[in-house]
Amino acid sequence: MSNSRGRRSLWSGLRVAVLALLWGSTFLWTELALRGLSPLQVALARCVLGAIVLVVACYATGHRMPRGVAVWRHLIVAALFCNALPFALFSLGQQSVDSGLAGVLNATTPLWSIALGLVLGSERGLRPVRLAGLLLGFTGTIVIFAPWQATGAGGWGTLAILGAAASYAVAFTYMGRTLVRRGTPTISLSAAQLVAASGLTALAVPIGGLESIDPGPTVLVAAVVLSVLCTAVTFHLTYRIVNDEGATNAAVVGYLLPVVSVLLGAVVLGEDLSVRVVLGMAVVLAGVGMTRRRWAAAAAKDATAPEPAPEDEPADAPRPLVESPPGDAAVLEGPKHRLES
């Protein structure tokens, strides 16, 4: 029994580490891809190549794409706010914002989720600690942005990345209300959502995606790694971690992701961080940590629950469905947001 638990713990830790590395490196590969592609071209490559990988995986595992106008209508909206729009905004923002800082700003998604919940009335009884964390997190973004300085961190680029993080929050709220408990396999919905995102991004190509490209080896490798590993693989791996280990382990990735992005940016790209930006990063992460206290407590209660069923369990078993950056997966975790496969 102890050996079995030890193996499960080792495998769980390995999956979390791999996901943190893959997702945290997203911003590095985006930075490299932008050296030869426009922001919209990078976003399109992520969606199209990622969709191809997941569609092949979907049919290879014996599943099929979702059917029905209603589910596709919801998937199109989800694809807009969870894939097409944030992918484009991240690429636009990273034209003037370092990859490490982009990773930290991405960690503000839980803050936007709580703020949106307050506006919609779904976030009731907000405890003082979580409210303080919300305010502290947004204070950190202001410190990073430094609107009082003409040389603030990235200017409009910072706003674009914050917009991407807020878009994720909108997507999670929408998907939590419209795409949960529908009995569709996770892999099918993942593939379909990226297919829809590919179509949406392609519609915008005439506006800003017709620039000439410079397909050097570094750019091509970056685009492929970004699309296959940092989009398709992490897209589905996140669901599995949330389902198998719960919100706590998924939240751990959220803390590791900014660390990975900052380290890779400094070591690989030679990015320099000012004292103000480092301070702002620390404030943001502290605020995010304070807002997640409730999710950690809920996950601790789930620790004594029976182990989840394997991947081939029946369609009526709960399964996470919605894409969520690892640090934000906990936003949809809980009794009201258990998802079906």
Side-chain angles (χ1 to χ4, degrees), residues 23-35 37-51 76-113 115-116 137-138 141-142 144-145 147 152-175 193-194 196-211 222-223 226-227 230-231 234-235 254 257-258 261 265 284 288 322-328 331:
W23 213 297
S25 67
T26 295
F27 309 97
L28 166 66
W29 297 114
T30 298
E31 191 87 12
L32 295 175
L34 286 170
R35 294 180 178 180
L37 301 174
S38 71
L40 193 57
Q41 289 168 349
V42 172
L44 182 62
R46 290 188 67 178
C47 293
V48 172
L49 295 181
I76 289 173
V77 176
L80 172 63
F81 288 104
C82 200
N83 304 105
L85 181 59
F87 288 178
L89 288 176
F90 275 122
S91 298
L92 283 169
Q94 283 195 240
Q95 289 185 307
S96 58
V97 175
D98 288 342
S99 64
L101 178 56
V104 174
L105 294 175
N106 177 65
T108 63
T109 296
L111 306 179
W112 295 108
S113 296
L116 183 61
F138 283 124
T141 63
I142 294 175
I144 293 173
F145 185 52
W156 290 107
T158 298
L159 291 179
I161 293 176
L162 288 174
S167 182
Y168 277 138
V170 173
F172 302 154
T173 301
Y174 178 82
M175 289 184 285
Q193 189 167 315
L194 279 187
S198 299
L200 292 172
T201 308
L203 292 176
V205 167
I207 300 176
L210 298 178
E211 295 92 336
L226 178 64
S227 305
C230 300
T231 301
T234 57
F235 193 82
L257 186 154
S261 67
V284 167
V288 171
V322 182
E323 186 206 14
S324 168
D328 314 316
V331 173

All heavy atoms of V170 vs all of L116, minimum pair found to be CA-CD2, 3.8 Å
In Å, rounded to the nearest 0.5 Å, how long is the span from CG of L80 to OG of S167? 6.5 Å
Nearest 0.5 Å, what's the CG-CD distance between N83 and Q193? 4.5 Å
If every non-hydrogen atom of S261 is compared with every non-hydrogen atom of G103, which pair is closest and at what distance? OG-CA, 3.4 Å
Sub-3.5 Å donor-acceptor pair from the side chain of Q94 to the main-chain atoms of F27, do we have one? yes
V42 to L226 - nearest heavy-atom pair and separation: CG1-CD2, 3.7 Å
What one should report as the nearest heavy-atom pair of V97 and T158 is CG2-N, 3.5 Å
Any donor-acceptor N/O pair, T234 side chain to W23 backbone, under 3.5 Å: no
With P258 as partner, the option from V104, V284, L105, N106 fulfilling side chain to side chain contact (heavy atoms under 4.5 Å, CB included) is V104
Is there a side-chain contact between L34 and S91, using heavy atoms and a 4.5 Å cut-off? yes
Could you go step by step and tell me if L92 and W156 meet the side chain to side chain contact (heavy atoms under 4.5 Å, CB included) rule? CA-CA 9 Å; L92 283 169; W156 290 107; over 6 Å; no
Rounded to the nearest 0.5 Å, what's the gap from CZ on F81 to OH on Y174? Could you check? 9.5 Å
Hey, could you give me the CD1/OG distance between I161 and S96, rounded to the nearest 0.5 Å? 7.0 Å
Without swapping roles, check the side chain of S198 against the backbone of C47 for a donor-acceptor pair under 3.5 Å. yes
In terms of heavy-atom contacts, A79 and A197 come closest through CB-N, 3.6 Å
Determine whether S227 and R46 satisfy the following criterion, side-chain hydrogen bond (donor to acceptor under 3.5 Å, both in side chains), listing intermediate values before the conclusion. CA-CA 4 Å; S227 305; R46 290 188 67 178; over 6 Å; no
Quick check against the 3.5 Å criterion: does T109 have a side-chain atom that pairs as donor or acceptor with the backbone of A165? yes
Nearest 0.5 Å please: distance from the CG atom of L44 over to the CZ atom of F87. 11.5 Å
State whether the side chain of Q41 and the backbone N or O of E211 hold a donor-acceptor pair below 3.5 Å, judged by distance alone. yes
Would the distance check show the side chain of E31 and the main-chain N or O of L28 forming a donor-acceptor pair, the cut-off being under 3.5 Å? no
Shortest non-hydrogen contact from S99 to G265? OG-CA, 3.6 Å
Using 0.5 Å steps for rounding, measure from the OG1 atom of T201 to the CG atom of L85. 9.5 Å
